Each structure stands twice: as C-alpha cells, then as structure tokens.
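Down below is the structure, laid out as structure tokens.
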Amino acid sequence: MAAEQTPDPLAVLRAAIEGAAARLDGDAGRRLTLERPPKPELGDYSTNAAMLLAPAVGTPPREVAARMREELVARLGASAERVEVAGPGFLNLFLSDGWHREAVADLLVRDRRAEPAGDEWVLVEFVSANPTGPVTAAGGRGAAYGDSLARLLEFTGQRVEREYYLNDTGSQVRLFAESIAARMRDQEPPPGGYSGDYVRELAEKLGSGADPDDLDALGRLGTEAMRTRIEATLSRFGIRFDTWFSERSLHESGGLEATLAELRERGHVYDSEGAVWLRTTDFSDDKDRVLIRADGEPTYFAADVAYHRDKIDRGAELMLTPLGADHHGYVPRMRAAFAAMGTDPDRYEAPIMQLVGIVEGGERARMSKRKGEFVTLDELIEDIGTDATRFFLLQRSHDTAVDLDLELARSTSQDNPVYYVQYAHARIASILRKAADEGRAAVAEPETIADAASAESALLAPAEPTERALVRRLLELPAEVATAAERRAPHRLCAYATATAADFHAFYRDCRVVGAEPGTEAARLGLCVATMRTIATTLGLLGVGAPERM
RNA sequence: GCCCCCGUAGCUCAGUGGACAGAGCGGCUGCCUUCUAAGCAGCGGGCCGCAGGUUCGAAUCCUGCCGGGGGCGCCA
C-alpha cells in the first residue's frame, strides 16, 4: 500500500518538533511528548519539548519554547494555524483545516497496524490450570489476558503460538483419581482431596467403564474428561490453543531425563539428603531447588524446566507465561533454570496476574478447587456473556487485584462499558445502512478511494470541535496498540475503546451525517467508517465482538 | 522475618515526570416528530495512605512508615 511509505499525520508533527528541537542543539530524547492537552483552549496537540531542552540549552523553558515556536511554525507550514507558548513552557499546536482533512483521508487509506515491533517467535503459554477441575473465574482472567496479549503481539507483527500446559500427572492427579474412586464407592474423598460435585458427576459418568482400583487409569480418564470440558469452556470464550502440551508426555519421551542430564553435565546439579538439587542460588535464587525428590519422583519444577527446554528447542525466542500471583515466587527459580541451561533468562517473561475475588451479595466467594468452592468461568459466561466477561476481566491492569461483584455484573449488565462501546459501533453501522439506502455511501467506501489525495479532494475539512476531537482520537490507535503490547497491558485498550466511543457519541450529537452538505457528508461518512474500523479493531484485540445491530 | 502487588471520588478502578487529577457505577436535574436515548448535557463528590527526599515541575521516581492482598514446600 502506497500509504505505508508516507509517515502518518502524527509522525509528521513529531518530526517537525524533533527537527525544531535539534536546531536548538538539545537532545530531548524519548521523553518528548506529543499529547492532547487537557483543555480545548490549549490547542489540538502539545509538546513538552522546550521544557526538556531547557537544562541543556541553559535558558528558562519559556524562552526555549519561544525560540522553538518560530522553528516549528516554519516547519509545519500550512498544517498549523498557530503555535502558542503556554504554562511552564508547553508548545501548543493549533492545526489547520487542511491538516484535519488530510488526517481523515489518511485514516481511510492507511493500514493502521502498529509499526512492526519485530518478528519474534513468541510462545504464549497461558491458563494451564490443572485438569482436575473446571476453569475458575480467576482462570478466566488468565485466559482473557493471555489471549488478548497473543492477539496484540500478532497484530504488532510477531509470530505467536498459544499453548496450554497440561499437568496431567503427579500428586494432584493421583489425589484427583483417589477422589473419583472414592465417589465411585459412595465414599468421601480422602483428606485434602477433591470434593466438588463435578467429581461425583464424573464418577457416575465413568460408571462401570472404569475400575476404582486402577488409579492410573482413573487419573488418565479423569484428566482427559476435564481437559475436554476445559477446551469447550475456552472455546466458548473465544480461545483456541495451537498446542496442548502434556506433562506426562515429557516423562514418557525421556525429555525430562535428558534435561536433567544436561543440567548435571553443566555442573549445576548435586545430590543431597537423598534428593537431587539444582543450584539455582548460583543464579540469584534464594535457595536451591529440588529436582528429584528423595522418593525418586521428579518435582513439578523439574518437569517445567524440561518443558521450557522443549520450548527453546522448538525455537521459541520469547516465552511469555502469565502466572497467578500465587505463583510469583516461582519466577526467580525458572529464570535461574534458564541461566543454568545457558539460555538468556530474559527470554522467559512471566507477567503476574493478581487474583480475582468474586463477591456475591456482599459475601466473598471462597475459591478452592479442591474443596469445590469456586465460581466457574462457565457460570460467568452464562451470567453475563462472553463479551462482557472478557471486557470485565480485561478492564483492569493485570497487576491489580479486582473484585467482581456478580450481582452488580448481572444487574447492571445494560450499563456495562462493553455495551457502551459496542453501541457506538452498532450506531455507526446504522448510519452507514441509512446512507447506503439513500445511495450516499460511495465516496466514503474504502474501495472507491484510490489514495489519500483522491479522498482528500472529495472531502471537506471537519469543522466541529467534536468531529476534530474524534479524528485526533482515531489517530492514536497505533500508539495505543504499541504501548499496550510493549507493556503487556491489554487493559489500556479497554480505556481507549471507551474513550473512542465517547468521542463518537459526542460527534453524533453535534454532527448530522446523512443529509449534510455533500463534501461534509462525505467527510463525515469517512469518519464514521474510520471510527467503526477503529472500534472493531480494538474490540477484536480484546476478543470482544463488534455487533452491527443492538 | 524476607520477597511481589496494591492504597486515587460513596463503590469498582484508569492515569509509570508536566497544565486547575479522570472514567464507569451510584445520587440529583434536563434532553427522543430528525442517521439507534444501551445515548447526550449539566450538578454534586478528592489531605492521590502518611512522612521525608530528588526535580524548574511528583499521583507518577527514591527512602522510611502505616494499611490490605499474595508468596516464602522434596504441593502444583
């Protein structure tokens, strides 16, 4: 696409500011901002460049700003109506009709993906909840987060695979099998076992096809059944994994032994107290970690190290692994294991998800998989739907512990922010249907526009403050996506989607679209098309649908 | 005791060095003969946990303290 070559309207502004800054012989560096001022009287955009330059230049910020202003005016030419120095030394840019018209035209023809951040091969492992029960609401947060992260990275040009690590062997599976066996005999599960109703149901379903004395088989059958259920739940939630990686296969294939041997050969393994240890303290862990227990059984950690050896061998360059806060202590030892394998620990990245508390009727629901006391993701989806659930769970930073009040989520489902955003999308679709009915959509349809110049000649400049504000909001998408991806922060997209919808609703109030003056109508239809695409893209990155009617 | 996360409006939370600090929900008041009122506009609501420090400038960075959550297994 031709537009790919030309910088977008914001890049042009930024280049002008950087050029003006360079003339003053100052290095404003990366911290130079191009942002929307808090109030409309302060212009369309502002920059802090002069304030950053002041120390190096050696004159007060406002003086630097005054000198930069002249440079900037010259460089911006017809794009700017005027540039003002304000406050402590901000430069406020008031952009011209022409710039806004070009911006709308550009929005219509540009492929608005973020600048490729690289073409790294990223393996996102997420959820990976034990197949000894259904996915809980907390697991749903990890699911929504991991999937959105994967979508974000794909969008920014990375090669992404989604993987679920299935802990289908080990002590928890054994306990699960014992719990099933107990239910088959109409007994209570063993102490600390799984007492949820689903275990009873599973026992009934297995019925005569299973032998309560064959715990290996029960474990296998039980985890397979749970895996099927988990896959169905996540599929309903809009998530598909490329790979379901079985821990048991790691034991059976000898991968675990091979990794152990490799670590021993590298000199990081020692025997003590009947167990086999990895000297993770050589790589800044608090204490060494057991790989093989005194009873001869490998630990979960040993299998996980072997699993990551496998990821590395498969060619994964970045291994992104969102973990629940209850596993955060695990990160240093895994980084140490990477170092012990001679691999850069930075290739292992584990964003920590804070916990989800479910509150119902003022009561905090207990979350224990073993006790069978938890709210499942299935229940959440049934209660408030996939879109609302995903938006709810993604709205807040993964770093923040959130309480989800189920009653509130249900009762106010109509006021849920996700509907606010979706409504804007549906509203635009309705306008476009109306325009099509009246045969007016042609000029705004992307297919009919060869390039920005042809679009521009057909459009009049947006004049209303609210339509200009909407244009500026839409231009932010690539930067927002890039930031969200870099910071592993999909919640920023929720905020952006909400702000975009708000700007659209204000535009809708002020600006008649169908039936306006021809050039204005064309420009506004173009703005509607661009807004609809922006919202659809943003919601798509969150895994939320963008309906044409509501 | 040590480690991680969080203390921002009545509630749930955005805001990782810039202008008088924001959104949603809840409360109050207006707005549908015109492209969707799941909307818009307005009012009310704040010692940004506390105390120091760095900076021209701090909710944001540093230190200490207080409060909440999580973790410190040869469980996963």
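Labels below follow one simple rule: chain letters A, B, ... track the order of the sequence lines, proteins then strands, and each chain is numbered from 1. Nothing here was measured: the structure is a model prediction, and the numbers come from that model.
Residues that satisfy the ring pair (Phe, Tyr, Trp, His ring centres under 6.0 Å) test with A/H505, not counting sequence neighbours, are A/Y420, A/Y423. Residues satisfying the side-chain contact (heavy atoms from CB on, under 4.5 Å) test with A/K39, not counting sequence neighbours, are A/E41, A/L42. Residues satisfying the side chain to side chain donor-acceptor pair (under 3.5 Å) test with A/T299, not counting sequence neighbours, are none. Contacts of A/F176 classified as ring pair (Phe, Tyr, Trp, His ring centres under 6.0 Å), with partners at least two apart in sequence or in another chain: A/Y194. Shown here are the ring pair (Phe, Tyr, Trp, His ring centres under 6.0 Å) partners of A/F338, two or more places apart in sequence or in another chain: A/H308, A/Y348. Taking the ring pair (Phe, Tyr, Trp, His ring centres under 6.0 Å) definition, one finds that A/Y307 meets it with A/Y165, A/F245, sequence neighbours left out. Partners of A/A516 under the side-chain contact (heavy atoms from CB on, under 4.5 Å) rule, at least two apart in sequence or in another chain, are A/T520, A/E521, A/R524.
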Handout entry: Secondary-structure string, 5' to 3', Watson-Crick or G-U under 3.5 Å, | for another-strand partners, for RNA chain B
Key = (((((((..((((....[...)))).(((((.......))))).....(((((..]....))))))))))))....
Write down the protein N/O and nucleotide N/O pairs, taken from nucleotides 16-19 of chain B, whose separation is under 3.5 Å; answer none if there are no such pairs.
residue, atom, partner, partner atom, Å
B/U16, OP1, A/R487, NH1, 3.2
B/U16, O4, A/R487, NE, 3.1
B/G17, O2', A/R31, NH2, 2.9
B/A19, N6, A/S46, OG, 3.0
B/A19, N6, A/N92, OD1, 2.9
B/A19, N1, A/N92, OD1, 3.3
B/A19, N1, A/N92, ND2, 3.2

For nucleotides 44-46 of chain B, print each protein N/O atom paired with a nucleotide N/O atom at under 3.5 Å, atom names and distance only.
none

Sort me out a list of protein N/O and nucleotides 4-8 of chain B N/O pairs below 3.5 Å, or just none if empty.
residue, atom, partner, partner atom, Å
B/C5, O2', A/D399, O, 2.4

Sequence neighbours left out, cut at 3.5 Å: what donor-acceptor pairs do the side chains of residues 271-278 of chain A make with other protein atoms?
residue, atom, partner, partner atom, Å
A/D271, OD1, A/R264, NH2, 3.4
A/D271, OD2, A/R264, NH1, 3.2
A/W277, NE1, A/S272, O, 3.0

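At a cut-off of 3.5 Å, with distance as the only test, no side-chain donor of A/Y45 or A/N92 sits close to an acceptor on the other residue. In the model, A/D288 has a side-chain atom that pairs as donor or acceptor with a side-chain atom of A/Y270 under 3.5 Å.
Judged by ring centres under 5.5 Å apart and planes tilted less than 30 degrees, A/H327 fails to stack against the six-membered base ring of B/G71.
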